[in-house]
**Student:** 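Before I ask anything, let me first share the structure, which is written out below as structure tokens.
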Amino acid sequence: SAVISQKPSRDICQRGTSLTIQCQVDSQVTMMFWYRQQPGQSLTLIATANQGSEATYESGFVIDKFPISRPNLTFSTLTVSNMSPEDSSIYLCSVYESGAERFGSGTQLSVL
Amino acid sequence: QKEVEQNSGPLSVPEGAIASLNCTYSDRGSQSFFWYRQYSGKSPELIMFIYSNGDKEDGRFTAQLNKASQYVSLLIRDSQPSDSATYLCAVNAGGTSYGKLTFGQGTILTVHP
């Protein structure tokens with residue numbers, strides 16, 4: 001199965017700043033997704049990262065807050081903009097491969 | 001509202017026993033059902049998925065699906081302490097053949113020696 005790498009693995013950021021999370025896959029994949037896992041909670045889908053077009057966001061998530069890029073079939077970025085402590089979560093990318101979604105190692109974000 | 005419900009647990013079973021994890025879902029159009037295992041501080045790891053009614057076995061794991069009852073379960077045979085983790089049930093949105101997963105809250109499983 002595909003190897004999915006995320007960077008950074010963790011970060012501590014100041015309120016009002018932005019962080020860009022990278023997701024790199026070792027093979028070309030059509031479907032990539034971004035999820036958020038708030039402390040003690042399950043995963044919530046943020047958006048589908050579409051190659052060559054704008055991301056498709058789920059209810060409650062907007063492009064201004066979570067801009068996503070997908071320049072090719074192996075790479076995507078998620079930016080968390082104008083951060084507040086409520087954005088402290090684990091952010092995960094996933095790829096759809098061989099019938100199921102598989103997840104990267106995640107980025108643990110703490111906002112002070 | 002599309003929902004996936006799981007008992008949060010914790011579910012505690014002795015080593016060697018069968019652990020039974022249950023999940024119900026509300027979207028009758030859902031076609032794909034997934035079980036993930038998540039260790040503390042780690043990302044979810046796919047255990048198995050099931051598309052058709054009935055049972056699907058993979059090693060010590062068996063997934064069971066009943067679309068009429070909107071119910072999916074995971075059985076873990078010969079449970080080991082290393083199986084202690086949170087188990088997440090996920091269901092795809094009806095009308096889609098991939099992605100757009102909705103996750104349950106997860107069931108914490110503890111296997112004690």
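No experiment lies behind these values; they were computed from the predicted model shown.
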**Student:** What part of A:Q108 lies closer than 4.5 angstrom to a heavy atom of chain B: side chain, backbone, both or neither?
**Tutor:**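 Neither part; nothing is under 4.5 Å.
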**Student:** Please classify the contact between A:E58 and chain B as side chain, backbone, both or neither, with a heavy-atom cut-off of under 4.5 Å.
**Tutor:**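 Looking at A:E58, just its side chain touches chain B.
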**Student:** Below 4.5 Å, heavy atoms only, C-beta onward: do B:K100 and A:L45 meet side chain to side chain?
**Tutor:**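 A side-chain contact exists here, since the closest heavy-atom pair is under 4.5 Å.
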**Student:** May I ask whether B:L109 and B:F61 are part of the same hydrophobic cluster, defined by side-chain heavy atoms of I, L, V, M, F, W, Y residues being less than 4.5 angstrom apart, directly or through others?
**Tutor:**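 Same cluster: B:L109 reaches B:F61 through Ile, Leu, Val, Met, Phe, Trp or Tyr contacts under 4.5 Å.
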**Student:** Is B:L101 close to chain A through its backbone or its side chain, or both, or neither, when contacts mean heavy atoms under 4.5 Å?
**Tutor:**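 Both backbone and side chain.
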**Student:** Any sub-3.5 Å donor-acceptor pair from A:S42's side-chain atoms to B:G104's backbone N or O?
**Tutor:**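 Yes: the side chain of A:S42 pairs with the backbone of B:G104.
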**Student:** To check you understand the geometry: which heavy-atom pair defines the closest contact between B:P44 and A:F103, and what is its length?
**Tutor:**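 Nearest pair, atom of B:P44 first, then A:F103: O-CB, 3.8 Å.
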**Student:** Group every Ile, Leu, Val, Met, Phe, Trp and Tyr by side-chain heavy-atom contacts under 4.5 Å, then state whether A:V25 and A:L92 land in the same group.
**Tutor:**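 No: no chain of side-chain contacts under 4.5 Å links A:V25 to A:L92.
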**Student:** Drop me the distance from A:E97's CD to B:L46's CG, to the nearest 0.5 angstrom.
**Tutor:**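 Reported value, rounded in 0.5 Å steps: 10.5 Å.
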**Student:** Between B:Q38 and A:L43, which heavy-atom pair has the shortest distance, and what is it?
**Tutor:**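 Distance-wise, the nearest heavy atoms are OE1-CD1, 4.4 Å.
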**Student:** Is it possible for you to say whether A:F61 and A:Y91 belong to one hydrophobic cluster, with membership spreading through side-chain heavy-atom contacts below 4.5 Å?
**Tutor:**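 In one cluster with A:F61: A:Y91, yes.
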**Student:** Give a yes or no on whether A:Y96 and B:L88 share a hydrophobic cluster (residues Ile, Leu, Val, Met, Phe, Trp, Tyr; joining criterion: side-chain heavy atoms under 4.5 Å apart).
**Tutor:**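 The answer is yes; both residues are in one hydrophobic cluster.
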**Student:** What part of A:S98 lies closer than 4.5 angstrom to a heavy atom of chain B: side chain, backbone, both or neither?
**Tutor:**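 It is the backbone, since no side chain atom gets that close.
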**Student:** Spell out, as yes or no, whether a donor-acceptor pair under 3.5 Å connects the side chain of B:Y51 to the backbone of A:G99.
**Tutor:**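 Yes, the answer is positive, given that a donor and an acceptor are paired below the 3.5 Å cut-off.
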**Student:** A:E101 pairs by side chain to side chain contact (heavy atoms under 4.5 Å, CB included) with which of B:F34, B:Y36, B:F49?
**Tutor:**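 For A:E101, the side chain to side chain contact (heavy atoms under 4.5 Å, CB included) check succeeds only for B:Y36.
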**Student:** Below 4.5 Å from any heavy atom of chain A, which atoms of B:E45 appear? Answer side chain, backbone, both or neither.
**Tutor:**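 For B:E45, neither part sits under 4.5 Å from chain A.
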**Student:** Could you see if B:L65 belongs to whatever hydrophobic cluster contains B:Y71? Use Ile, Leu, Val, Met, Phe, Trp, Tyr and a side-chain cutoff under 4.5 Å.
**Tutor:**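 In one cluster: no.
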